[in-house]
Each structure stands twice: as C-alpha cells, then as structure tokens.
Colleague: 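My questions all concern the structure below.
The figures that follow rest on heavy atoms only: side chains count, while hydrogens, waters and symmetry mates do not.
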Amino acid sequence: MHFTSEQRLDDGVLAREFTLGETPGTLWTPESAAPAPLILMAHNNGLPKAEPRLVARARHSAAHGYAVASIDAPGCGDRPRSAADEQARADLRRAMQAGESADEIFESFIGPLVEKAVPEWRATLDALLALPEIGGPVGYSGWTAVGIRLAVTEPRIAAAGFFAGGYVPRAQREEARQVTIPLLFLLQWDDEGNPRRRALDLFDTFGTKEKTLHANLGGHTGTPWFEVEDGNRFFGRHLK
C-alpha cells in the first residue's frame, strides 16, 4: 500500500489517498491515537470513491471514531472501462428506462464485476489491517452484491450494512442464505432502480438471525441523513 497524498480536514479527520497495485483508494481516520475499528465503504457499481454522498458518510463515520476505507472497483470511478462495459451500461440504462426486463443484461454485467471487485477488497483489507492506526474489528457498508460475497468469504467482517438490494446477481442471492453476521438493510421504498419486492425477498433470504430492515419513502438517492447516524450506532454495537 502506497499513500500518495494526505489532508487534515476541518473536522479533524485525516484523509489519505493510496494505491494498492492497480487499485486506488481513500482512507479516512479519526484524530484518536488508539487503533480504530474499520469500516469498508463501497459505492454501487460505476460510481467513484470520490462520490460526494460516500465521502460525506465516510467523514461522518471517521469523526465518530472509525477508520473508513473506499476503493474504486474495476471499471468504476477513474479506472479504465472496456468498450464491452460501456455497452452493457448503456443497454442496462436503455432497458430500465423503457420498462423492459434487464435481468440478463444485469447478470452478464454485474456478476463479473462482483467477481473482480471482491479479491481487490480482500487484498485492501489485508493491507489496512497491517497499519498500526487500525485495530479491527471490521464492518462493511454499501453495495449489496459485493457485500454479500465478502460477508460469506471474509471471516474478519463482523457486521454489515447493505443498501438497496433489488438487483443482485443470482449467485449472490443464493449466497445470502449463508450470511450469518449482524445486518442492517436499507431500502428506499420508491427506488426506481431497485424493485421493492426483490429487495424484500432478499432481506427474507439472509440467514442471519440478527437483521434489521429500515425502509424510507423516496427514490434511490433520497436516503435520509439520519440513517448514517443510525448506521454508526449499529456499527457501535458490533465493532466497539
């Protein structure tokens, strides 16, 4: 892991950019000298780690005593996108806007993204836990499909918060039965990009006995800010 820049923000949080091989990332850490528990924060496919909503959530969590890390997954943010990826994104948008079934396009596009992203997240986790300012345990927050695979394959993750969840590849919908860690599941009731019934069915599928569903009115980007604060309380019960 190579740190390329750092900035002390006005809330006392230290923001550092890093690279790990071809993977760019950002690490936010609190002022406290004690090793901090870690939250891996993943945005949904295609969006960058610099997305303002993700940065705001990360800074808020770091100011409350967590180390928070985000990376640009393959094909996301500033990382190169293949012509096939761009075509798949365009086909997916067109099908959804036209009200057509996007299931097969989604499977052929998002499924491989998950397979590429999860090993990079695990390698990032290895590097982060080697830093003296991070002491674990580890939580995960964000992109549901990647989070399911990590929750199943990565024993160091102790709790997870998933967003949306209507469109999740079949492989991860099956793996959801194996998720046994505490789970907070956020659902926007009027999310045009994530069918409500599928999200509710996915919540029912999770194998954990400790799962909580928070549903709010509004579209995909309308998650109320108080859910960030509730998320910190959720992680506080399981990571501190």
Side-chain angles (χ1 to χ4, degrees), residues 9 11-13 15 26-30 36-71 73 76-77 121 137-151 157-168 172 176 179-206 208-240:
L9 305 174
D11 52 8
V13 171
T26 307
L27 174 64
W28 296 266
T29 48
L38 172 65
I39 299 174
L40 304 178
M41 195 167 284
H43 223 312
N44 282 5
N45 73 86
L47 294 175
K49 59 184 177 59
E51 167 67 24
R53 286 179 290 140
L54 182 145
V55 172
R57 285 166 43 216
R59 289 183 59 174
H60 189 273
S61 294
H64 283 73
Y66 300 95
V68 182
S70 183
I71 64 172
C76 298
W121 272 110
V138 182
Y140 173 91
S141 176
W143 187 2
T144 299
V146 166
I148 291 172
R149 173 61 61 82
L150 281 172
I157 294 180
F162 294 157
F163 286 22
Y167 278 115
V168 170
Q172 278 67 63
V179 174
T180 57
I181 59 175
L183 177 64
L184 175 63
F185 192 73
L186 298 184
L187 169 64
Q188 285 300 105
W189 204 247
D190 308 299
D191 188 341
E192 62 284 357
N194 280 278
R196 182 192 310 162
R197 183 69 260 168
R198 289 191 183 192
L200 293 172
D201 288 345
L202 180 63
F203 177 77
D204 197 40
T205 300
F206 289 117
T208 180
K209 296 185 183 302
E210 187 172 346
K211 54 184 175 181
T212 301
L213 171 67
H214 285 187
N216 293 281
L217 295 177
H220 186 70
T221 61
T223 303
W225 182 253
F226 64 72
E227 290 291 3
V228 177
E229 298 168 344
D230 283 351
N232 285 336
R233 285 190 286 270
F234 166 78
F235 285 121
R237 292 194 297 273
H238 301 292
L239 303 185
K240 291 187 174 181

Colleague: For residues F234 and T212, determine if any side-chain heavy atom of one lies less than 4.5 Å from a side-chain heavy atom of the other.
Modeller: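 SC-SC contact between F234 and T212 ruled out.
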Colleague: Is a side-chain donor or acceptor of T29 paired with a backbone partner of A67 at a separation under 3.5 angstrom?
Modeller: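 No, because the side chain of T29 does not come within donor-acceptor range (under 3.5 Å) of the backbone of A67.
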Colleague: Work out which heavy atom in G65 is nearest to a heavy atom in A36; give both atom names and the distance.
Modeller: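 What the structure gives for the nearest pair is O-CB, 3.6 Å.
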Colleague: Using side-chain heavy atoms (C-beta onward) and a distance below 4.5 Å, is Q188 in contact with N216?
Modeller: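 Yes, their side chains come closer than 4.5 Å.
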Colleague: Mind checking the CG-CG spacing from D191 to L186? Nearest 0.5 Å is all I need.
Modeller: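 Spacing of CG (D191) from CG (L186) equals 11.5 Å.
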Colleague: Evaluate side-chain contact (heavy atoms from CB on, under 4.5 Å) for M41 paired with W28, printing each intermediate quantity in order.
Modeller: CA-CA 11 Å; M41 195 167 284; W28 296 266; 5.9 Å; no
Colleague: Over 60° means perpendicular and under 30° means parallel, so classify the ring planes of F185 and F162, tilted if in between.
Modeller: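 Geometry flag for F185 against F162: perpendicular rings.
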Colleague: Test V55 against T26 for side-chain contact (heavy atoms from CB on, under 4.5 Å), laying out the working first.
Modeller: CA-CA 9 Å; V55 172; T26 307; over 6 Å; no
Colleague: Does the plane of the ring in F206 sit parallel, tilted or perpendicular to the ring in F203? Use 30° and 60° as the thresholds.
Modeller: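 Because their plane-to-plane angle is over 60°, the rings of F206 and F203 count as perpendicular.
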Colleague: Show, in sequence, the C-alpha distance, side-chain angles and deciding distance for V68 and V13, and conclude whether the side-chain contact (heavy atoms from CB on, under 4.5 Å) test is met.
Modeller: CA-CA 10 Å; V68 182; V13 171; over 6 Å; no
Colleague: For the residue pair D190 and L217, establish whether any side-chain heavy-atom pair is separated by less than 4.5 Å.
Modeller: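 Of all side-chain heavy-atom pairs linking L217 with D190, at least one is under 4.5 Å.
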Colleague: Does the pair R53 and H43 meet the rule for a side-chain contact (heavy atoms from CB on, under 4.5 Å), with working shown?
Modeller: CA-CA 9 Å; R53 286 179 290 140; H43 223 312; 3.8 Å; yes
Colleague: Can you confirm whether Y66 sits close enough to K240 that some side-chain heavy atom of one is under 4.5 Å from a side-chain heavy atom of the other?
Modeller: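 The answer is yes, as the side chains (C-beta and beyond) meet within the 4.5 Å cut-off.
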Colleague: Which atom names give the shortest non-hydrogen contact between L239 and A158, and what distance separates them?
Modeller: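 That would be CD2-CB, 4.1 Å.
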Colleague: Are side-chain heavy atoms of S70 and E51 found at a separation under 4.5 Å?
Modeller: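 No; the side chains remain at least 4.5 Å from each other.
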Colleague: Would you check if H60 and W225 make a side-chain contact, meaning some heavy-atom pair closer than 4.5 Å?
Modeller: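 Yes, close enough: below the 4.5 Å cut-off.
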Colleague: Considering all heavy atoms of both residues, which atom of T208 and which atom of T180 are nearest to each other, and what is their separation?
Modeller: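 Scanning both residues completely, I find the closest heavy atoms to be OG1-O, 3.3 Å.
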Colleague: Just wondering, do Q172 and V146 contact through their side chains at under 4.5 Å, heavy atoms?
Modeller: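 Side-chain contact under 4.5 Å: no.
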Colleague: So do S141 and F235 actually touch side chain to side chain, heavy atoms under 4.5 Å?
Modeller: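 When only atoms from C-beta onward are counted, S141 and F235 do touch, with a gap below 4.5 Å.
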Colleague: For the atom pair CG (L184) and NE2 (H238), what is the distance rounded to the nearest 0.5 Å?
Modeller: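 If I round to the nearest 0.5 Å, the distance is 9.0 Å.
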Colleague: Could you report the tightest heavy-atom contact between L54 and A42, atom names first, then the distance?
Modeller: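 Nearest pair, atom of L54 first, then A42: CD1-C, 4.2 Å.
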